[in-house]
Amino acid sequence: MIKKYLIFMLFLCAPFTLAAQTDTYRLTDFFGGEGTVRLQGKFATIDIPIPLSSVSKVDNAVLTLEVVSSQALIKKRSQLYVRFNNATIGQIAFDPDRPSLVSEITIPNALWRAGFNSLTLAVSQYYAEQCVNGNAPELWSEINAYRSTLKIGTSINEKRFTLDALSGFFNPGIGGQRNVQLYTAREATAQIKQQTLPIVAQSLALRNQYQPLIIEHDTFDDGYVLPQLGKSEDNFWSEQNIARYERSSWYLSVKQKQPVHVLVGTVEALSPVLSDEVINDINGAFLKAQRTPAFVEDDKVIVPASYRLIVSGTTEQEVFEAAKALGVMDDAINPISQVTVLSQSEMQADKLQRHRILNPDNKYTFQDFGVSTAQLRNEGDFNKRVSLRLPADFYVPENASVNLLLDFGYGAGFGPGSIMNVSVNDELVHGLALTNTNGQSFRDYQLRIPARYFKGGVNNLDFDVTMRAPLAGVPCDDVPGSHLVFQLDDSSAIELPSAGNVAVQPNLALLSETAYPFARFKSAPEATIAIPSDDYLNSALTLSAKLAQVAQVPLLNVKIATGDSVATEGSMIVLGTPETLAQLEQSEFSTAIEATKRWSYRLQNNLYNQIRNLTDDQSFKEMRIDGHTVQESDLGEQAVLTAHAHPVSSQTDTMFIIAAQSAELLQSRVEDLVSLSMWGQMAGDFFAWKDPLSPSLVMQVTDKYEIGEADDRWLHLRLWLSNNPWYWLIAFVLVVFVVSLLIYLLLKRRNKQVQDSW
């Protein structure tokens with residue numbers, strides 16, 4: 001009896017040990033570079049940031065590196081150093097007789113810390129004992145980052161589940177949740193499913209930052225049925241054990257994948273699964289983080305321990321208010337288990353969507369959007385990236401400029417080849433040679449950059465700095481570059497011109513980068529994700545969560561609508577199969593997806609022309625035929641995403657259609673679509689895929705149109721003319737003709753008057 005009691009207490013007091021897991025990651029999962037990292041020269045390094053969730057404890061970690069080195073490197077002096085958070089954990093000697101090698105290095109658990117951990121790979125490479133040219137082409141080694149792996153075992157290190165731990169569970173780092181189950185009562189109301197659940201899904205996905213979060217919806221019954229326990233059942237179900245069973249998360253589905261799940265609903269709807277203590281605490285918009293104990297009988301876990309988040313209230317509106325609070329709250333300032341939201345301000349959808357976005361016609365310092373001063377030291381090539389977000393529908397005239405006012409400086413002793421290059425979205429806009437041997441400092445160093453280099457959404461300013469030591473002037477003698485220093489200050493500023501809010505549609509790339517047209521800068525019109533039945537609810541919630549991640553704010557204007565009817569106003573995403581989409585009016589679409597499908601000739605011709613261009617076939621001209629083919633077939637394993645002008649909306653709204661052959665297959669393909677590898681590849685207005693690796697087809701099929709705010713008609717016209725430059729020529733010819741005709745008539749009239757005066 002004492003043994004059983006001790007085992008039960010072990011499960012009750014240490015449920016976090018049940019969530020241990022081991023995962024294997026490629027090094028390419030942690031940075032956006034090439035699959036092969038080349039380290040050139042005598043000294044070279046690469047830093048790879050590895051994030052770790054704050055609630056995860058590392059139990060073991062093994063780094064496996066695949067390395068190829070030059071056969072010209074000499075032994076003993078040439079080697080690869082592996083450092084983790086500035087501590088050397090491994091040294092790999094290069095051997096010209098064994099240029100390819102695989103090495104395993106154990107990372108000590110004590111070196112790991114919450115947040116970003118720095119894995120540094122550094123090489124020293126020599127082809128001779130003396131007189132080594134640091135730029136010699138034979139000084140190289142390569143690390144196959146795609147095949148190099150990090151195998152790591154983690155467990156949850158959260159003993160007391162409070163609201164400030166949410167950002168640890170839902171975290172982009174190792175140990176963060178990648179899917180979550182949302183539970184409601186079986187008879188949940190339309191407002192809970194269509195408005196509240198999307199906001200809860202978005203709120204959790206925002207904590208995951210860039211990592212996709214797969215949403216699964218499940219329900220619980222109005223009451224429980226005690227499980228069958230075997231021979232001891234008659235004597236086991238005492239009032240005390242029944243109470244223990246009620247306090248556990250008995251309602252969980254068999255396949256509980258992650259430690260945290262969410263209960264959403266009014267206190268009345270959630271009463272079958274909540275204890276009386278929690279029910280009595282709910283008096284208004286309510287959030288609670290709670291750890292439920294395991295239910296154990298005869299050393300067997302009947303119900304596992306779990307963590308749950310409760311989003312509730314006395315009314316459906318209070319539940320919605322609690323969900324909105326979850327979307328904007330700072331977890332770090334809530335080291336408590338529950339809160340009751342009394343009131344909220346500035347929670348309008350249009351105001352939220354302007355957060356984190358720079359306002360045109362304003363001046364901002366780098367510090368204003370979270371960029372700190374960067375100081376670069378030692379000889380080498382360095383990059384400092386400054387990212388800023390502009391409105392998705394950012395549009396300026398062709399002659400507009402953006403001013404960069406840079407504060408930077410460099411120290412003394414820079415040698416030949418020391419330069420700074422400035423790029424905007426990978427376009428080189430300025431270069432500066434660092435030639436002053438005594439160093440130099442600049443304040444308000446002005447760069448006027450054409451605004452056309454900037455786009456709606458995320459823009460990247462790259463400062464590429466190459467620092468070289470001075471020449472020694474003596475053969476076989478190098479000057480070390482440890483004295484070199486370059487500094488870019490956070491007081492540097494950017495001045496934005498006045499801009500309008502107009503964008504070109506349909507454009508799947510703009511959707512993937514900014515969530516436009518669902519997230520806008522000036523307004524937040526109602527938008528809908530339409531599904532034919534609850535079988536598609538998981539897919540809709542996952543899409544809603546991804547759109548919020550892209551916009552970086554909760555999208556309060558996005559709702560889920562169930563049924564055959566389609567909203568007549570606002571942009572929307574329609575999910576379905578060819579059979580369910582038959583109810584949708586698609587006669588005006590160049591590509592129609594229903595039981596019989598209509599594919600545009602332009603789609604077929606563009607594919608043909610793409611292949612012809614790749615093969616350099618110049619025997620035929622490009623095919624430009626507007627037509628279509630009607631065929632009867634299914635979609636197979638493939639899913640299709642199309643974008644069109646909304647056929648019945650009074651505004652210039654956009655309709656997106658995502659279709660697969662069944663609801664189950666559609667859910668799988670939506671999970672593929674929101675993955676890191678697939679989402680960024682969206683472009684055009686026709687997108688087809690059948691796995692999370694690469695799309696089957698990406699095309700622009702339909703004609704483009706302009707969409708924007710009602711008071712920007714002049715900008716509409718300018719944007720339309722810039723996208724249709726031939727009309728400028730036609731207008732110019734017409735103006736020249738009219739002016740010439742007018743001059744001719746005036747001269748003819750003048751000539752007649754002169755003749756009459758004779």
Side-chain angles (χ1 to χ4, degrees), residues 5-21 53-57 59 114 154-171 175-184 200 203-204 207-208 213 216 218 220 224 240-265 267 270-282 286-297 300-312 322 326 329 331-340:
Y5 177 77
L6 291 176
I7 292 175
F8 165 72
M9 291 302 295
L10 177 64
F11 280 108
L12 183 65
C13 298
F16 49 88
T17 60
L18 301 178
Q21 61 181 13
S53 165
S54 61
V55 300
S56 296
K57 181 186 71 172
D59 300 321
T154 59
S155 57
I156 295 179
N157 192 29
E158 179 63 31
K159 298 180 181 179
R160 180 175 175 266
F161 186 34
T162 51
L163 290 172
D164 62 334
L166 277 178
S167 295
F169 283 101
F170 297 95
N171 187 280
Q177 289 197 198
R178 300 296 173 257
N179 54 63
V180 63
Q181 291 176 293
L182 308 183
Y183 283 86
T184 64
V200 174
S203 302
L204 300 178
R207 289 167 169 80
N208 263 17
L213 184 65
E216 298 178 5
D218 210 337
F220 55 82
Y224 60 84
Q240 181 182 4
N241 286 340
I242 291 176
R244 286 200 300 109
Y245 182 76
E246 290 176 338
R247 286 196 298 271
S248 69
S249 298
W250 55 266
Y251 50 85
L252 292 178
S253 59
V254 177
K255 297 181 180 180
Q256 177 69 11
K257 301 177 182 179
Q258 298 287 352
V260 177
H261 65 278
V262 188
L263 294 175
V264 184
V267 61
L270 298 183
S271 59
V273 297
L274 298 181
S275 65
D276 292 339
E277 294 84 356
V278 176
I279 292 175
N280 293 334
D281 287 338
I282 300 176
F286 183 80
L287 295 171
K288 183 176 180 64
Q290 185 180 43
R291 188 182 69 183
T292 60
F295 183 76
V296 183
E297 192 272 334
K300 181 181 179 181
V301 179
I302 308 301
V303 180
S306 183
Y307 300 89
R308 69 184 180 188
L309 173 66
I310 302 170
V311 182
S312 186
L326 180 66
M329 66 183 285
D331 296 343
I333 61 175
N334 286 297
I336 49 179
S337 62
Q338 69 184 47
V339 296
T340 299

Engineer: From Arg291 CZ over to Thr162 OG1, what is the distance, rounded to the nearest 0.5 angstrom?
Structural biologist: 11.0 Å
Engineer: Could you measure the distance from the CG atom of Leu263 to the CZ atom of Phe220? Nearest 0.5 Å is fine.
Structural biologist: 6.0 Å
Engineer: What distance do Ile156 atom CD1 and Lys57 atom NZ have between them, rounded to the nearest 0.5 Å?
Structural biologist: 11.5 Å
Engineer: Heavy-atom distance under 4.5 Å between the side chains of Leu252 and Arg308, does that happen here?
Structural biologist: no
Engineer: First locate atom OH of Tyr183, then atom CD of Glu216, and finally report the distance between them rounded to the nearest 0.5 Å.
Structural biologist: 8.5 Å
Engineer: Excluding sequence neighbours, so at least two apart, what forms side-chain contact (heavy atoms from CB on, under 4.5 Å) with Ser53?
Structural biologist: Val55, Ser56, Asn171
Engineer: Test of understanding: with side chain to side chain donor-acceptor pair (under 3.5 Å), list the residues that count as partners of Gln177, not counting sequence neighbours.
Structural biologist: none
Engineer: Would you check if Val200 and Leu309 make a side-chain contact, meaning some heavy-atom pair closer than 4.5 Å?
Structural biologist: no
Engineer: Using the side chain to side chain donor-acceptor pair (under 3.5 Å) criterion, which residues pair with Asp218? Sequence neighbours excluded.
Structural biologist: none
Engineer: Could you check whether the rings of Phe169 and Tyr307 sit parallel, tilted or perpendicular, using 30° and 60° as the cut-offs?
Structural biologist: tilted
Engineer: Output all residues satisfying ring-ring contact (aromatic ring centres under 6.0 Å, His included) with Phe170, sequence neighbours left out; order by chain, then residue number.
Structural biologist: none
Engineer: Looking at OG of Ser203 and CG of Asn208, how far apart are the two atoms once the value is rounded to the nearest 0.5 Å?
Structural biologist: 12.0 Å
Engineer: Short question: side chain of Thr292, backbone of Ser306 - any donor-acceptor pair under 3.5 Å?
Structural biologist: yes
Engineer: Kindly determine whether Val311 and Leu287 satisfy side-chain contact (heavy atoms from CB on, under 4.5 Å), including the steps that lead there.
Structural biologist: CA-CA 5 Å; Val311 182; Leu287 295 171; 3.8 Å; yes
Engineer: Pairs under 3.5 angstrom only: tabulate donor-acceptor contacts from the side chains of residues 331-340 to other protein residues two or more places apart or in another chain.
Structural biologist:
{"unit_1": "Asp331", "atom_1": "OD1", "unit_2": "Arg207", "atom_2": "NH2", "d": "2.8"}
{"unit_1": "Asp331", "atom_1": "OD2", "unit_2": "Ser167", "atom_2": "N", "d": "3.2"}
{"unit_1": "Asp331", "atom_1": "OD2", "unit_2": "Ser167", "atom_2": "OG", "d": "2.4"}
{"unit_1": "Asp331", "atom_1": "OD2", "unit_2": "Arg207", "atom_2": "NE", "d": "2.7"}
{"unit_1": "Asn334", "atom_1": "ND2", "unit_2": "Asp330", "atom_2": "O", "d": "3.2"}
{"unit_1": "Gln338", "atom_1": "OE1", "unit_2": "Lys288", "atom_2": "NZ", "d": "3.0"}

Engineer: Quick check on side chain to side chain contact (heavy atoms under 4.5 Å, CB included): which of Ile310, Leu326, Thr184, Val180 does Val262 satisfy it with?
Structural biologist: Val180
Engineer: Of all residues at least two apart in sequence or in a different chain, which pass the ring-ring contact (aromatic ring centres under 6.0 Å, His included) check with Phe286?
Structural biologist: none
Engineer: Given side-chain contact (heavy atoms from CB on, under 4.5 Å), test Ile282 with Leu270 step by step and report yes or no.
Structural biologist: CA-CA 11 Å; Ile282 300 176; Leu270 298 183; 5.7 Å; no
